[in-house]
There are 2 protein chains.
Amino acid sequence: MAVTIKDIAKYAGVSVTTVSRALNGYPDVSEETRERIKKIAEQLNYTPNSIARGLVTNKTHTVGLVVSELIKPGAYHPFFLEVLAGIKAGLRKDKYDLILFTVDPESQDVTSYEKLCNDRKVEGAIVEGLKLSDPYIEEIKKTQIPTVMIDIPILTDKVGYVSSDNVQAAFEATSYLIKLGHRNIGFINGHNDAAVSFERLEGYKKALEKNNIPYKEEYVVFDDFTQEGGYNSFKTLVFEHPEITAVFHASDLMAIGSFKAAKDLGMKVPDDISIVGFDDIELASLITPGLTTVRQDTFKMGYNAAKHLLSIIKGEKPQHILIPHKLVIRDSARKI
Amino acid sequence: MAVTIKDIAKYAGVSVTTVSRALNGYPDVSEETRERIKKIAEQLNYTPNSIARGLVTNKTHTVGLVVSELIKPGAYHPFFLEVLAGIKAGLRKDKYDLILFTVDPESQDVTSYEKLCNDRKVEGAIVEGLKLSDPYIEEIKKTQIPTVMIDIPILTDKVGYVSSDNVQAAFEATSYLIKLGHRNIGFINGHNDAAVSFERLEGYKKALEKNNIPYKEEYVVFDDFTQEGGYNSFKTLVFEHPEITAVFHASDLMAIGSFKAAKDLGMKVPDDISIVGFDDIELASLITPGLTTVRQDTFKMGYNAAKHLLSIIKGEKPQHILIPHKLVIRDSARKI
DNA sequence: AATTCTATCCGAAACGTTTTGGATACTTTT
DNA sequence: AAAAGTATCCAAAACGTTTCGGATAGAATT
């Protein structure tokens, strides 16, 4: 059976209290006793029972990562891995563990957000991939559980969020197309159940406005952030508006879908139409021509989400953390 | 403060023992008392404290997922997301939680496998992405912690593993090229710190042998499972052996690297050289021409790893679980 | 010498649950 | 009527740690 603090006490000839105090750095233990206890603990290969410790302190040194629709086939998570890697890097120094919660708003066994967190005794959670209509959204707005959202703008006493500056990024991407001479610029946007869809639309509009180009509602299409979404929307858009010479997309997957649609329609990118994406997933550099796109620093998003969560757990005030983006110019948009 | 079993007992006018027994389905509580207690627990929004419960039962209903080098930039994890999704799906029914452990053999703060698992009191772990030289490998061979390896062939009283039939899959891929008339087939293999590299080599050899084609050691190159690995190896291979008409790869990323190298050398795929990969990552269908490759069912790998781990935790005998693969024929290999 | 202070140790309660061993009132059997 | 059996409840120990409040011996102060 595992070595406990009682065994250490016995071997050292002191009380359990003294062992606990010695190992936890309390000052009211003599140095001689402390070193003796430490040596014995090492010899007996003692590691404190995290369950017992958690019961006393009511802290588990664990946070949750709540992800919506991870298990669902075909779901959109093209940069989840980098976010996850960033989160782990952000937790490492403070030695917090990460529990992965996969939720699905349609699933019959989904529990409330607070029950989910309380059942597992996580000290806080990062939430990713929720749609605006997800019931958790309203719940999180009122929660007392330290929470950091990714890409969902909620800011309360206990909830902060991390995102790229979607407005500015979309503004820059659209401005770049304008700089290349394009004036008939379509925008294939994400579905309107995502906060970033509205923000990227705002940036697209602002860039048109800044350049005295009238905003045409019929140039904007809303669809899923998927290749299918891009494919179908592209066909619709260019069929109805053959005057469009460039299309900005709310995601790279959509842009890639448009690539395929363009090819199927006998159009060449960028000769016949320029295409710009958003995210800079790995695919973006691998397709031919390489996709001009907005790079989001997804590792940094995860890293900052983790650091921010730890600061909220420690009592600091939640805030909106902006992650820098970058327009990556490859070959899928040309000058006209 | 949170509602505890004592509050329920007070409200119900019974002892803590009776509440515990009523909620846990013990038979020595009258139905009338049980229903009354259940109703009160629901009214007070009671949820049992998993920490306290864990201390008594010494069980946490949690398993770990140990991943090597997830945080390391540029590391090879092209299908980790699908494996992860499969693992979560496999754990769902038994309501087990998943803690993610990211380890790195070079990192100074890496702890032993057993300490890692014991510190967090996980009941078992799935291990993915370890190199054969990782110190955990020797430790896991002796561990008493229920463990399931992915793609690493370790089988003990407590450790099982899940993998594709790499030998058979490589045999089929190579056989397919032979069926297309190729007899000078190169093989760009993974580094020799991965178990699958040896297995895939064995399959490649067996296919040659089966067709009376002499195995040429100089036709096989070992490199990292990356695009760079493929790119560099391809250049070396075709430079030294221009008679080669097809190349089989131990991963899709390598195959994609070869695509790029072929292009840079002015060679057309599959006109000048046929290319076959392994994994069927998303990229495989998106490049032009589409990559002929071996599809691994990575969701099923994760799902079966989770189910198997739960069975080992419950006391069943560990075993090697084979996951079906499938040769996916696209356009990157042609008949000669 | 007596009183006060301080360094260094400790007993036991607490955390919230499960489970062991038992109490008691009523029923059944002899 | 007495003895044995059973349904249904409960007290308290246990899990392994932290921490509160205190004991005690020696040092410092008056």
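Order of the sequence lines sets the chain letters (A, B, ...), proteins ahead of strands, with each chain counted from 1.
Atoms CG (B:Asn24) and C1' (C:dT18) sit 8 Å apart, rounded to a whole Å. We find that CG of A:Asn118 is positioned 13 Å from P of C:dG16, with the value rounded to whole Å. If you take NZ of A:Lys10 and P of C:dC10, they are 15 Å apart, rounded to a whole angstrom. Rounded to an integer number of Å, the gap from A:Arg53 CZ to D:dC15 P is 19 Å. Going from atom CD1 of A:Ile51 over to atom C1' of C:dC15 covers 14 Å, rounded to whole Å. Atom-to-atom, CG of A:Asp7 to P of D:dC15 comes out at 11 Å; the value is rounded to the nearest Å. One atom, CG of A:Asp119, and another, P of C:dG16, lie 16 Å apart when rounded to the nearest Å. A:His61 has its NE2 atom 16 Å from the C1' atom of D:dT17, to the nearest Å.
Among the protein residues, A:Ser20 comes within range of the nucleic acid bases, having at least one heavy atom under 4.0 Å from a base atom.
Atoms CG and CD1, on A:Leu23 and A:Ile8 in that order, are 7.5 Å from each other to the nearest 0.5 Å.
For A:Glu31 and A:Arg34, the salt-bridge test passes: some basic side-chain N is under 4.0 Å from an acidic carboxylate O. Ion pairing of A:Arg36 with A:Glu32 is present here, as a side-chain N (NZ or NE/NH1/NH2) and a carboxylate O approach within less than 4.0 Å. Of the charged side-chain nitrogens involved, at least one lies within less than 4.0 Å of a carboxylate oxygen, so that A:Lys314 and A:Asp94 count as a salt-bridged pair.
The nucleotide whose nearest atom lies closest to any side-chain atom of B:Leu55 is, among C:dC15, C:dT18, D:dC15, D:dC15. Among C:dT17, D:dT18, D:dT17, the nucleotide with an atom closest to any side-chain atom of A:Lys6 is D:dT17.
At D:dC15, none of the side-chain N or O atoms of A:Asn49 fall inside 4.0 Å of OP1 or OP2 (strictly under the cut-off). Note on A:Tyr26: every side-chain N or O is 4.0 Å or more away from OP1 and OP2 of C:dC10.
Residues meeting the side-chain contact (heavy atoms from CB on, under 4.5 Å) test with B:Lys115, sequence neighbours left out: A:Thr47, B:Thr111, B:Ser112, B:Asp119.
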Below 3.5 Å between N/O atoms, which protein atoms pair up with nucleotides 8-10 of chain D? Just atom names and distances, please.
residue, atom, partner, partner atom, Å
D:dC9, OP1, B:Ser30, OG, 3.3
D:dC9, OP1, B:Thr33, OG1, 2.7
D:dC9, OP2, B:Ser30, N, 2.7
D:dC9, OP2, B:Ser30, OG, 3.3
D:dC9, N4, B:Asp28, OD2, 3.3
D:dC10, OP1, B:Ser15, N, 3.3
D:dC10, OP2, B:Ser15, N, 2.8
D:dC10, OP2, B:Ser15, OG, 3.0
D:dC10, OP2, B:Thr18, OG1, 2.3

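Here ring pair (Phe, Tyr, Trp, His ring centres under 6.0 Å) pairs that include residues 119-143 of chain A, with residues two or more places apart or in two chains, are A:Tyr113-A:Tyr136.
A side chain to side chain contact (heavy atoms under 4.5 Å, CB included) with A:Cys117 is found for exactly one of A:Val63, A:Ile99, A:Ile145, namely A:Ile145.
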